[in-house]
Structures are given as structure tokens and as C-alpha cells.
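What's counted below: heavy atoms across the whole structure, side chains too, no hydrogens, waters or symmetry copies. This chain uses plain numbering: 1 for the first residue, then up along the sequence.
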Amino acid sequence: MLSVVGVTKRFGARTVLNAVSLEVRAGEYVAILGESGIGKSTLLNVIAGLEPVDSGQMFLDGRELTAMDDDSLTLLRRSHYGFVFQAFYVLPSLTVEQNVALPLLLRGEHDATRVHAVIEAVGLKGREASPPRELSGGELQRVAIARALVGEPKVVLADEPTGNLDPENARLVLDLFRAQVKERGAAAILATHSEQAAAGCDRRYRLSAAGLEPMA
């Protein structure tokens, strides 16, 4: 599914990603652990084609991402990727339903049935018309998860998705996220500094200045 081969990324004289390699298959839920500032977000951005690499290759279903131009990568992100962020990035002027439907609209699609199904799957049935200001932090992250999954992506990237939540809501959101990506067969990567957040993942890796190493 997703293959990262010897990827190196530098910002000036600083090497942020040092010959990183990673394989994630469909239906796998993988954690990237590391301290703040070590490069976890950069790795996700590189995997999504948002940051160019200095060396190495990346493949998605056999297609070499590192050989694509910006326009091709943009189209690929719209059709193959879903994103969940710590800050939610739920648009305040849109309802729950409109926020969830946004990735489909960007692709020129309209599928109310799919939108309503994923809203129900994350436990927000009946809240479709609610504005974000009426939602709790946990509910906002559920909206973000629904938005990430509505386009039926092959890869879901989650960057510290529970960083703004209390422990109970964090646990509920992570359980929901894992169940949903498993049900849909996506390759999911969770970037986190929390061992507890990574505990439910199929495989765990530690990112450091030396590179990416598997954890027991």
C-alpha cells in the first residue's frame, strides 16, 4: 500500500528526517512516536506530498509519489488521503454536515447518503445541522474524523489528534478512530508523543535524529 524508502528531509543545515523507511499495508494502524519537534509532523507532510524530500522515494499502490508534480499530488491527496489534526480545523461558518461533506465537494462530488452514514458512524447522528460553536472538543474531533473518512481514503494521517482533549475524550476518540479506519481498510498513521495514545496501534515506531526504528 504505502512505502517510504530511505527518505531524507533537511531544513537548511538541519537534517529532520534521516533515511526514514516505512511500510504500511491496507487496514494497518501504525504509530510514530517521538518528542515534540523531532519531525513527526514533517514526516506526515512528506508522506502526503506537502513537503518535497531531499532524497529517497515514496510509493502508494505502486505509484511513485516523489516523481509527481504539484498538480498531480494535489489530485492524489483529494482522492486518496484523509487528515486529522490536533487543532480540528473545523470551519466555524459551516454546519457539521457541511464540514464533513467538504472533501467530496472539493472533488466535485455530492453524496448525502455517504455523508450521513459517516456522521452516524462517529456518533453524531442528529447533530448534522449544528454549528461548531455548539459542540464539545470531543465532538469537534469526531467531526474531523468523519471529514477525514468520508472520501473513503486509502491513507489516513493523524497528527496528535487528541492533544487538545481531556484523557477520557482522548480515549474515546482514539477508540473511535481505530475502529473506523479498521472498518474501512485504510492505512492509518498516528503521530503522537503519547505512549498511551499509541498503545492501540498494530505497530509502533520511534522517530529520532538517527531515523525511524520499530518498537517492541
Separation between CG of L33 and NE2 of H193, rounded to the nearest 0.5 Å: 9.5 Å
Criterion side-chain contact (heavy atoms from CB on, under 4.5 Å) on V7 and Q57, from CA distance to verdict: CA-CA 6 Å; V7 162; Q57 294 174 294; over 6 Å; no
Closest contact, heavy atoms only, A129 versus T95: O-CG2, 3.6 Å
Beyond-backbone contact of L124 with V100, side-chain heavy atoms, under 4.5 angstrom: no
SB check E139 R142 (cutoff 4.0 Å): no
R178/D202 salt bridge by N-O under 4.0 Å criterion: yes
Distance in Å, R147 CZ paired with L104 CG, rounded so as to fall on 0.5 Å steps: 12.0 Å
Sole candidate of V20, T42, T15 that passes side-chain contact (heavy atoms from CB on, under 4.5 Å) when paired with K9: T42
Student check: side-chain heavy atoms of I119 and R127 closer than 4.5 Å: no
Atom CZ of R203: over 12 foreign heavy atoms under 6.0 Å: yes
Distance, nearest 0.5 Å, that separates CG of L135 from CG of L140: 5.0 Å
Closest approach of A31 to C201 (non-hydrogen atoms, all atoms of both residues): CB-SG, 3.5 Å
D70, CG atom: more than 12 neighbouring heavy atoms under 6.0 Å: no
More than 12 heavy atoms from other groups under 6.0 Å of NE2 on H116: yes
Residue Y89 excluded, over 12 heavy atoms near OH under 6.0 Å: no
For the student: nearest non-hydrogen atoms of Q141 and F85, plus distance: NE2-O, 3.0 Å
Straight-line distance of Q196 CD to L174 CG, nearest 0.5 Å: 8.5 Å
Over 12 non-hydrogen atoms of neighbours within 6.0 angstrom of NZ in K182: yes
